Amino acid sequence: MDKVYNPEFEKRIYDFWVKNRYFEAHPNSEKEPFTIMMPPPNITGQLHMGHALNQTIQDIITRFKRMDGYEALWLPGTDHASIATEVKIVEQMKKEGLTKNDLGRDGFLKRAWEWKETYGGRIVTQLKRLGSSCDWSKEAFTMDSNCSNAVVDAFVKYYKKGLIYRGDRIINWCPSCKTALSDAEVEYSEQDSYLWHYRYPYADGSGYVVIATTRPETMLGDTAVAVNPKDERYKGVIGKMLKLPLTDREIPIIADDYVELDFGTGAVKITPAHDPNDFEVGLRHNLDVIRVMDDAGVMNENAGKFKGLDRFEAREKIVEELKELGLVEKIEPYKHNVGECYRCRATVEPIVSKQWFVKMKPLAEPAIKAVKSKKIEFIPKRFEKIYFNWMENIKDWCISRQLWWGHRIPAYYCDDCGEMVVSKTAVDVCPKCGGKMHQDEDVLDTWFSSALWPFSTLGYPKKNKNLEYFYPTNLLVTAYDIIFFWVARMIFSGIQFMDEVPFSEVLIHGIVRDSQGRKMSKTLGNGIDPLLLIDKYGADALRFSLASGIAHGSDTRYSDDKIESARNFMNKLWNASRFVIMNLNGEEASVPKKLNVSDKWILTRLNEVIRDVTINLNKYEIGIAAAKLYDFVWSEFCDWYIESQKTYLYSEDEKLKSHSASVLRYVLEQILKLMHPFVPFITEEIYMNLNPDKSIMIQSWPIYNKNQMYRKEKKAFESIKNCIVALRNTRAEMNIPPSKKLKFFALPSDEAMFKKLTPYLTKLANVSEICVIASKEEVTEKCVALVSDSVEMFVPFGELVDVEKEKDRLSKEIEGAKAEIAKSTSMLANENFVKKAPEKLVAAEREKLERAKDKLEKLIEKLNMFN
RNA sequence: GGAGGCAUAGCUCAGUUGGUUAGAGCGCUUGCUUCACAUGCAAGAGGUCACAGGUUCGAGCCCUGUUGUCUCCACCA
C-alpha cells in the first residue's frame with residue numbers, strides 16, 4: 001500500500017462492481033425489498049453539486065440497506081426534459097442557421113434523438129464516478145417505450161374518468177419558447193416598474209375615470225373597467241360607457257368585488273385575454289375576450305396601428321400617445337412581481353389559449369389524505385405543510401406544450417367534422433363521418449411523465465414481477481425545490497393508477513451553496529464542478545464532505561476546507577489500515593477469548609458505535625452518523641487503540657503481537673463495513689487487500705453485540721486516558737521535552753486494575769518507571785502532583801519544576817474543584833431537585849460531590865507541600 | 001399578504017426525548033521530522049448559546065414576544 005492515500009483505484013473498483021452485477025436487484029421472496037427511485041436528471045444536465053449531494057445520500061442509504069439484508073433496488077434513469085432539451089437543440093440549430101420549421105417535425109425529432117444519443121449518456125457517466133450503486137440494468141428514460149406506454153395509458157385513463165379536458169383558459173405563455181407553461185413553471189421576481197394612471201373618457205363626453213395599470217400595452221384588449229360595488233366614488237357611474245383611448249371601441253363600467261377599494265384609483269381596466277383575474281371577471285360579466293398579442297409577444301391585428309410591435313415597444317408607444325392626448329394623469333415608480341419562464345427567463349405573458357388540463361381537485365383530495373393519514377411521511381415533517389398548502393390551493397394543471405420533443409398528446413381530430421377521439425392507438429379514420437383524422441400537434445408537460453416514474457420504470461402498465469415486488473417504493477430522496485413539480489404529482493399519480501401511494505417516506509434535503517452561502521448558479525459563475533473535485537480529492541472525499549454536517553431539509557455549504565478535511569480523513573483511514581496490515585502475520589479478524597483492558601474498551605466503544613450508527617442510518621440521519629464514525633475512527637481507534645497496541649506489537653512476545661493483530665484486524669474490518677456506505681471505494685480497496693476477491697459491498701452490516709460490552713474496563717481505560725492527557729499537559733506546561741522519559745509514583749484507588757493499565761501509560765506518556773506506592777508518605781522528592789479519579793500521581797521533575805508555576809496550576813485546579821462543590825452542594829440543598837429529579841441523577845450528583853470534595857482535599861495537601 | 005427555516009467559538013456547523021464544567025472541523029498560538037499517517041502528533045487560547053419574558057427542581061433545547069436573516073407560497077390592477 002502507498003504511504004499516501006491516492007484514490008486512483010476508484011474506476012477499477014466501480015468496474016469490478018458492475019462486472020459482478022452487485023448493484024442489481026431481483027424479486028426475491030427470501031428478502032424484503034427496499035426501493036429508491038432516482039430523481040431522473042435531465043439529459044441536458046451536467047453533473048453539479050446538487051446531484052452529487054442527492055446521489056450521495058441515496059447511495060449511502062442503498063448500500064446500508066443492501067448490507068442490512070434488504071433486496072435493495074436503486075433504480076436510475078434520465079428525463080427527456082421536453083422544454084429544456086428543445087431549447088438547447090434549437091440554440092444549436094440556430095448556430096447552423098436552421099430553424100425548427102426548416103427541418104419539420106420528423107426531421108427535428110430525428111435530430112433530437114441523435115442529440116439524446118450523443119449527450120444523454122453524459123450525465124450517467126458522471127453519476128457513476130460518484131460510486132452510485134444503482135441497478136443500471138434497469139436504467140430508464142422517460143421517452144423509452146415503457147415510460148411512453150405508461151404516459152399514453154395514463155392520459156387515456158384520466159380522460160375516460162373525465163379528469164383531463166381541453167379548453168380555452170388563461171395560461172402562462174412563454175413568448176420566447178412559444179409554449180404554454182404550468183403555474184409551477186413560472187418564477188416571480190420583483191422588478192422596478194411604474195404604475196401608470198390614465199384617463200378613460202366617458203363616451204358621452206361628461207368627464208373621465210382614472211385607472212391605474214402596470215401594463216399599458218394590454219389596454220388595447222380592455223373590454224371593461226371595473227369598480228367595487230361598495231365604492232361611493234363610482235356609485236352613479238356603473239353601467240356607463242367609456243371611450244377606450246387609441247381605439248374606436250366603447251367599454252362599460254362594471255361592478256365587481258374583485259376590485260380593492262384602497263388600491264390605485266379604485267377603477268381597474270379589465271383585459272380578459274391577458275390577465276388571469278380579468279379573465280375571471282370577464283367570465284362573470286360575459287365580456288368579450290380580445291387578444292392583442294400573438295404567440296411571439298408581438299401585437300396583432302386587434303392592436304390596430306400598433307400591430308407588429310413587440311409588446312415592450314408597444315408599451316412605450318402607447319404611453320407616448322396617451323401623453324400626447326393628455327390622458328396621462330400621473331406615473332408613479334412601482335415595484336411589482338413579474339413572472340418569468342423558468343427555462344429561458346423571458347417575461348411570461350398570460351394569454352387565453354386552447355390547452356389541455358388535468359382537473360386537480362379530485363386528484364388532490366386523496367393525495368392530501370395520503371399524507372394526513374401518514375401513508376406518506378415527509379422528513380423533516382415541516383415540508384408536509386408546504387405540500388398541504390400547495391395541494392389545498394391547487395388549480396388545474398395545464399399539461400399541453402407547444403413543443404415537439406416529448407410525448408405527443410394521444411388525441412385525434414377529424415379534418416372534416418371536427419370530431420375528437422382520445423386513444424392509445426393511432427386513429428386514422430373518423431368514427432363519426434369517416435373523414436381523415438390528424439393527431440394533436442402538442443406534447444405533454446415533461447412532468448407528466450416524471451409523475452409516473454415510480455411505476456412506469458418498473459414496467460407499468462404491464463403487470464409484472466418487478467412492479468409487484470418493488471412497488472410501492474420505500475423512499476424518495478430529493479431537494480425541496482421540486483416538491484411541487486415532482487413529488488406532489490407522483491403522489492396523486494400513484495394513487496390514481498396503482499391504487500397505492502408511490503413511496504412511504506420522502507427525505508428532503510437542502511441545496512449545496514457556495515462558501516459564502518449563495519446559491520450556485522451559472523450567472524454568478526460560482527458553481528463548483530464535482531468532477532474536478534473527484535479528480536483532485538477522490539469521490540470518497542467528496543461524498544464524505546457532503547455527508548458530513550447535513551441535516552434533514554437544511555442547506556449545506558461547500559468549501560475547500562471541508563473537502564480537504566474529508567480527504568485527510570481518508571488518508572487517516574488509509575494509513576491506519578496500512579498499519580494494521582503491516583502488523584499482520586496471517587491473523588484473521590477474530591476476537592480472542594481472553595481480552596485485555598484496551599481490547600475490552602475498544603470493543604465496547606465499537607459496539608456502541610454500531611448501535612448508534614445503525615439507529616441513525618435507519619432514521620436517515622446521515623450527518624450524525626458520519627460525525628460519529630469520524631470521531632470513533634480518528635479520536636478513538638487511531639489515537640488511542642492503535643497507539644496503545646504498539647506496546648504489544650513492538651514487543652518480542654509473538655503471542656501478544658498476534659493477539660493484538662487479530663483484534664486490530666477485527667475492529668478495522670468492522671469499521672470498514674460501517675464506513676462503506678459513506679466511502680465505498682476506499683473501504684472496498686482496503687477490504688480486498690485484507691480479503692482478496694471478497695467484496696465488502698455484499699458483506700453483512702455489523703450487528704450490535706451486547707456480549708462485547710465491558711462497562712468496567714471502558715471506565716478504567718478512559719480514566720487512564722485522562723491520566724495520560726494530564727501527564728502530557730503537565731509536560732507541555734513545564735516545558736519538559738517529549739523525548740525525556742518520566743518517572744513517577746502512583747497511588748491508585750484500585751491497584752489491580754491500575755497494574756493492568758500501566759503498559760499504556762508507559763507507552764503513551766513516555767514513562768520509564770512507575771513506582772506504585774501504598775501511601776503518599778513514601779514520596780520524598782519534590783513533585784508535581786496530579787489527581788484523577790482512579791489514581792494520584794507524583795511526578796518528580798527535579799530541577800525542572802518551577803515551584804511558582806506549579807502553585808499557580810494547583811490553585812487553578814482548586815478553584816475549579818471548589819466551583820464544582822459549590823454547584824453540587826446547592827443543587828443537593830434544593831429540596832425540589834432531590835424530590836423531583838430522577839433518582840439516578842440525584843445519586844450521580846451526590847457521588848460527584850464526594851469525588852470533588854476528595855479531590856479538593858488532595859489538591860490542598862499538594863499545595864501545602866510547596867509551602 | 002400568508003407560511004416556514006435559521007440565529008451556539010474568528011469561519012462552517014453538531015448538540016437526539018430538557019439533566020456533569022456547551023462540542024467538532026477549519027483557522028489561530030506553542031512544541032514535535034516519536035519507526036501508519038506532516039493529508040500527521042501533542043498542548044493551548046477562543047462562547048452572556050440573538051434579545052426580553054415565561055414554564056420547570058433544572059432551559060442552548062419547551063412556550064410567548066422582539067430583532068436580524070434566509071426561503072417558499074400568493075399576488076392588488
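As the structure is a prediction and not an experimental result, all values here were calculated from the model. Quick note: numbers below take in every heavy atom, side chains included, and nothing from hydrogens, waters or symmetry partners. In what follows, chains are A, B, ... by sequence order, proteins preceding strands, each numbered from 1.
B:U56 and B:C51 have their P atoms separated by 23 Å, given to the nearest Å. Rounded to whole Å, the P atom of B:A24 lies 27 Å from the corresponding atom of B:C35. Rounded to whole Å, the C1' atom of B:C49 lies 14 Å from the corresponding atom of B:C6. Across the P atoms, B:G46 and B:U55 are found 35 Å apart, a figure rounded to whole Å. Rounded to whole Å, the C1' atom of B:G15 lies 38 Å from the corresponding atom of B:U33. To the nearest whole angstrom, the two C1' atoms, one in B:G53 and one in B:U67, are 15 Å apart. Nucleotides B:G25 and B:U8 are separated by 15 Å at their C1' atoms, to the nearest Å. B:U12 and B:A50 are spaced 15 Å apart, taking the P atom of each and rounding to whole Å.
Looking at heavy-atom distances under 4.0 Å, A:Val725 makes contact with sugar-phosphate atoms alone, never a base. Across all strands shown, A:Phe388 has no heavy atoms under 4.0 Å from either base or sugar-phosphate atoms. Across all strands, A:Lys572 comes closer than 4.0 Å to base atoms (heavy-atom distances). Across all strands, A:Ser565 comes closer than 4.0 Å only to sugar-phosphate atoms, never to a base (heavy-atom distances). Residue-level contact check: A:Glu847 touches neither bases nor backbone, having no heavy atom under 4.0 Å from any strand. Backbone-only engagement by A:Asn389 is indicated by non-hydrogen atom pairs under 4.0 Å involving sugar-phosphate atoms exclusively. Note on A:Asp639: only backbone sugar-phosphate atoms sit closer than 4.0 angstrom, heavy atoms only; bases stay farther off. Across all strands, A:Lys381 comes closer than 4.0 Å to no nucleic acid atom at all (heavy-atom distances).
Atom pair A:Met520:CE and B:U71:P shows a separation of 16 Å (rounding to whole Å applied). At whole-Å resolution of the value, CD in A:Glu384 and C1' in B:A3 are 15 Å apart. Summarising the geometry, the separation between CG on A:Asp275 and C1' on B:A77 is reported as 7 Å, rounded to the nearest angstrom. One atom, OH of A:Tyr480, and another, C1' of B:C73, lie 14 Å apart when rounded to the nearest Å. A:Asn568 places its CG atom 9 Å from the P atom of B:G27, with the value rounded to the nearest Å. Taking atom OH of A:Tyr188 as the reference point, atom P of B:G1 lies 19 Å away to the nearest angstrom. Counting to the nearest Å, the P atom of B:G2 and the CH2 atom of A:Trp390 are 23 Å from each other. Rounded to whole Å, atom C1' of B:A24 lies 13 Å from atom CD of A:Glu636.
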Criterion salt bridge (charged side-chain N to carboxylate O under 4.0 Å, His left out) on A:Arg284 and A:Asp256, from CA distance to verdict
CA-CA 9 Å; A:Arg284 286 198 285 274; A:Asp256 196 286; 3.1 Å; yes
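The side chain of A:Ile386 sits closest to B:C72 out of B:G19, B:C26, B:C72. Closest to the A:Asn337 side chain, of the nucleotides B:C75, B:A36, B:A77, is B:C75. Considering only side-chain atoms of A:Ala837, the nucleotide from B:G4, B:G19, B:A36 that sits closest is B:G19. Side chain of A:His336, nearest nucleotide from B:A36, B:U20, B:A77: B:A77.
Of the two residues near RNA chain B, A:Phe484 and A:Ile642, the one whose nearest nucleotide lies more 5' is A:Ile642. When each of A:Pro838 and A:Asn729 is assigned the nucleotide of RNA chain B bearing its nearest heavy atom, the one mapping closer to the 5' terminus is A:Pro838.
The base of B:C37 does not come close enough to the side chain of A:Lys3 for any donor and acceptor atom to sit less than 3.5 Å apart. Residue A:Glu643 places a side-chain atom within donor-acceptor reach of the base of B:A36, judged by atom type and a 3.5 Å distance cut-off alone.
Between A:Phe485 and A:Tyr342, the distance separating the two ring centers is shorter than 6.0 angstrom.
Using the six-membered ring where Trp is involved, A:Phe569 and A:Tyr630 have ring planes that are tilted, between 30° and 60° apart.
The shortest distance between the side-chain N/O atoms of A:Tyr334 and the OP1/OP2 oxygens of B:A77 is below 4.0 Å. Side-chain N/O atoms of A:Lys823 include none lying less than 4.0 angstrom from OP1 or OP2 on B:G58. In this model, the phosphate group of B:C41 is approached by a side-chain N or O of A:Trp634 to a distance below 4.0 Å at OP1 or OP2. Residue A:Tyr650 places at least one side-chain N or O closer than 4.0 Å to OP1 or OP2 of B:A36. Residue A:Lys395 places at least one side-chain N or O under 4.0 Å from the OP1 or OP2 atom of B:C75.
Base pairing annotation: B:G40 forms a Watson-Crick or G-U wobble pair with B:C32, both donor-acceptor distances under 3.5 Å. Shown here, B:U71 forms a base pair with B:A3; the pair counts as Watson-Crick or G-U wobble because both key distances fall under 3.5 Å. Pairing for B:A77 is absent, judged as Watson-Crick or G-U wobble with the two contacts each under 3.5 Å. Within the shown strands, nothing qualifies as a pairing partner of B:C49 under the Watson-Crick or G-U definition with both distances less than 3.5 Å. The partner of B:C26 is B:G10, by the rule that a Watson-Crick or G-U pair needs both atom distances under 3.5 Å. Base pairing of B:C62 is made with B:G54, judged by Watson-Crick or G-U wobble geometry with both donor-acceptor distances under 3.5 Å.
Using a 4.5 Å cut-off on side-chain heavy atoms (C-beta onward), A:Thr214 and A:Gln191 make no contact.
A:Arg578 places no side-chain N or O within 3.5 Å of a backbone atom of A:Val4 that could act as its donor or acceptor partner. Using modelled atom types, one side-chain atom of A:Thr213 and one backbone atom of A:Arg215 make a donor-acceptor pair closer than 3.5 Å. The backbone N or O of A:Tyr5 lies less than 3.5 Å from a partner atom in the side chain of A:Asn571, making a donor-acceptor pair.
Scanning both residues, A:Ile394 and A:Met391, for their nearest heavy atoms gives CG2-O, 3.3 Å.
Around atom NZ of A:Lys628, more than 12 heavy atoms belonging to other residues, nucleotides or ligands sit under 6.0 Å away.
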Readout for nucleotides 10-16 of chain B: B = base within 4.0 Å of protein heavy atom, S = sugar-phosphate only, - = neither; 5' to 3' it is --SSSS-
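Classification of A:Arg851 and A:Glu847 as a salt-bridged pair holds, one side-chain N sitting under 4.0 Å from a carboxylate O. Taking the charged nitrogens against the carboxylate oxygens, A:Lys715 and A:Glu718 have no contact shorter than 4.0 Å, which rules out a salt bridge.
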